[in-house]
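These values consider heavy atoms only, across backbone and side chains, with no hydrogens, waters or symmetry-generated copies.
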Amino acid sequence: MMKKPFVTKEKVEEIAKKIPTPFHLYDEKGIVENAKAVYEAFSWNKGFKEYFAVKANPNPVLLDLLRQEGCGFDCSSKTELLLSGAVGAQGHEIMFSSNDTPAEEFVLADKLGAIINLDDFTHIDFLEKSIGKIPETISCRYNPGGVFQMSNGIMDNPGDAKYGLTTEQIYEAFKILKEKGAKRFGIHAFLASNTVTNEYYPKLAGQLFELAVDLQKKTGAKIAFINLSGGVGIPYQPDQEGNDIYAIGQGVKEQYDKILVPAGMDDVAIYTEMGRFMMGPYGALVTKAIHEKHTYKEYIGVDACAVNLMRPAMYGAYHHITVLGKENEPCDQVYDVTGSLCENNDKFAIDRKLPKIEKGDYLFIHDTGAHGYSMGYNYNGKLKSAEVLLQKDGSFKLIRRAEKPMDYFATFDCLNVYPKICKIVEEN
Ligand SMILES: *Cc1c(COP(=O)(O)O)cnc(C)c1O
């Protein structure tokens, strides 16, 4: 399978005249169509809701697009809560799935009416002390421990993860929460990341549905929803086959019909908190080749760096690269594609077969729509890039300007040196 950019070289040239590279570019059409497909795939479940994981891409314009398709927001920090509130999300449209949570964030989540998902047994007391009550609707994050393995060998290690309550704890937690006045309960679990298999959600769902039936029976707690959280992956590699959300939706339905319906629990809502699947493929980092270097290896230096996209440096993650306008040329060169950080891991690609690259060529780094811009940082004093939306009608819109030096220096406004910084920025 070939990975095709959602934009042409000509369009990028047009955008770059107004908005200099590097920038993250998002595909409105792709985002909206995919969100519709997710809702269709789960339309069999009356209460279904996707709570987009805001950390994957906290841009209000993109959040608003998803909201128009019916999505809520999954938040795990104060600023994510504030942003979701600013986009207009209210009450149960916000899921607060955080961990190691500061008291003030529970207070804000409660003020916004968000559903609070507790990451730990001790958070029952902590929440009650923070907000002065236990909400009527409450969720707990479950961690069964051990390893979570799928038939294709993909596995993850919940037993090593810091998240969630143990099996024993979740029974005890539901009993206590019920005594303290909770009326509607949710179960949440996130057991494997970036799963490129249709098997993950159905398998997780089966496990959580069985737990739900037993929990409701043994504790009397009314299970209102089951939150399958994130973890549905995307094909970063060109030879990978992507997930089929319809097959995933059907797979979850089969488990629902097999386990929940016979137990009389046919009113349980299914929630998801996908980030990567909702946005990943519909974003790209567009960057320009500005240097070539021939030493012990062949290097192409681009005007973006790991600050704009951290996944390759951080996890050795693969991001496919297309040289715009050279889609059909043979990949007969082998390059390391590097950024400018003083860190040797600042490479978008290592030993990558690509067409011959000339200075001035635009590179389209695929699949940066989730955990791309948002994971960025400011090392080496590098500034974060702009974000641009390619709209359905083919026009483009700046949806976040690039950082300027004064953004980087703004937190020194408490120091005497700040006027000098302002002056030197102004002069240069
Ligand atoms: C990161 C995260 C998600 C989203 O994960 P994806 O892999 O992007 O789908 C959802 N829920 C929680 C609690 C998370 O921390």
Donor-acceptor pair, distance only, cut-off 3.5 Å: does the side chain of [X] make one with the backbone of [Y]?
X	Y	value
Tyr39	Glu50	yes
Asn34	Phe277	yes
Thr287	Ala304	yes
Asp125	Thr122	no
Asn143	Thr166	no
Asn157	Gly159	no
Thr368	Leu285	yes
Asp336	Lys347	no
Ser130	Val107	no
Tyr256	Val268	yes

Look up atom [atom1] in [X] and atom [atom2] in [Y], then write down how far apart they are to the nearest 0.5 Å.
X	Y	atom1	atom2	value
Glu199	Gln149	CD	CD	10.0 Å
Leu127	Asp110	CG	CG	7.5 Å
Leu389	Glu28	CG	CD	5.0 Å
Phe225	Asn227	CZ	CG	7.0 Å
Asn198	Lys203	CG	NZ	15.0 Å
Phe121	Leu177	CZ	CG	8.5 Å

In the structure I gave you, are the side-chain heavy atoms of [X] and [Y] within less than 4.5 Å of one another anywhere?
X	Y	value
Ile270	Trp44	yes
Cys71	Met278	yes
Leu191	Tyr200	yes
Ile399	Val388	no
His92	Thr137	yes

Derivation of the salt bridge (charged side-chain N to carboxylate O under 4.0 Å, His left out) call for Glu327 and Lys4:
CA-CA 8 Å; Glu327 286 83 349; Lys4 220 174 146 298; over 6 Å; no
My understanding is that only residues two or more places apart in sequence, or in another chain, count here; which of them pass side-chain contact (heavy atoms from CB on, under 4.5 Å) with [X]?
X	value
Gln255	Phe209, Lys258, Ile259
Ser98	Ser76, Phe96, Thr101
Asp27	Phe6, Lys29, Tyr282

Which donor-acceptor pairs under 3.5 Å do the side chains of residues 412-428 make with protein atoms, sequence neighbours left out?
unit_1: Lys423; atom_1: NZ; unit_2: Glu427; atom_2: OE2; d: 3.0
unit_1: Asn428; atom_1: ND2; unit_2: Ile424; atom_2: O; d: 2.7

Before we go on, tell me: are the rings of Tyr318 and Tyr236 under 6.0 Å apart, centre to centre?
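When the ring centroids of Tyr318 and Tyr236 are compared, they turn out to be at least 6.0 Å apart.
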Taking the six-membered ring for Trp, is the centroid-to-centroid distance between Phe190 and Tyr163 below 6.0 Å?
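Aromatic pair excluded; centres sit 6.0 Å or further apart.
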Minimum heavy-atom separation for [X] and [Y], please, with both atom names.
X	Y	value
His24	Ser385	CD2-OG, 3.6 Å
Tyr142	Pro144	OH-CB, 3.5 Å
Ser84	Val54	OG-CG2, 3.8 Å
Asn117	Cys140	OD1-C, 3.3 Å
Ala56	Gly275	CB-CA, 3.8 Å
Leu383	Pro405	CD1-N, 3.6 Å

Polar side chain donor-acceptor pair, [X] to [Y], under 3.5 angstrom:
X	Y	answer
Tyr271	Ser229	no
Ser395	Asp393	yes
Glu403	Asn378	yes
His188	Ser139	no

Report all side-chain donor-acceptor pairs from residues 13-21 shorter than 3.5 Å, counting only partners two or more places apart or in another chain.
unit_1: Glu14; atom_1: OE1; unit_2: Lys11; atom_2: NZ; d: 3.3
unit_1: Thr21; atom_1: OG1; unit_2: Asp303; atom_2: OD2; d: 2.5

Give every donor-acceptor pair under 3.5 Å between a side-chain atom in residues 308-317 and any protein atom, sequence neighbours left out.
unit_1: Asn308; atom_1: OD1; unit_2: Cys305; atom_2: N; d: 2.9
unit_1: Arg311; atom_1: NH1; unit_2: His319; atom_2: NE2; d: 2.9

Quick check: are there more than 12 heavy atoms from other residues, nucleotides or ligands sitting under 6.0 Å from [atom1] of [X]?
X	atom1	value
Glu292	CD	yes
Asp332	CG	yes
Lys111	NZ	no

Residues forming a side chain to side chain donor-acceptor pair (under 3.5 Å) with [X], sequence neighbours excluded:
X	result
Glu254	none
Glu40	none
Asp346	none
Asp351	Lys297

Between [Y] and [X], is the closest basic N to carboxylate O distance under 4.0 Å?
X	Y	value
Lys326	Asp361	yes
Lys162	Asp119	no
Lys36	Glu69	yes
Glu104	Lys78	yes

Under the rule for ring pair (Phe, Tyr, Trp, His ring centres under 6.0 Å), what residues qualify as partners of Phe52, not counting sequence neighbours?
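Phe52: no ring pair (Phe, Tyr, Trp, His ring centres under 6.0 Å) contacts found.
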Could you tell me which residues satisfy ring pair (Phe, Tyr, Trp, His ring centres under 6.0 Å) with His366, sequence neighbours excluded, listed by chain and number?
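Per chain and number, His366 pairs via ring pair (Phe, Tyr, Trp, His ring centres under 6.0 Å) with His320, Phe364.
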Show, in sequence, the C-alpha distance, side-chain angles and deciding distance for Thr322 and Lys3, and conclude whether the side-chain hydrogen bond (donor to acceptor under 3.5 Å, both in side chains) test is met.
CA-CA 8 Å; Thr322 300; Lys3 266 177 123 41; over 6 Å; no
Angle between ring planes, Tyr377 versus Tyr379, binned at 30° and 60°: parallel, tilted or perpendicular?
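Judged by the thresholds at 30° and 60°, the geometry between Tyr377 and Tyr379 is parallel.
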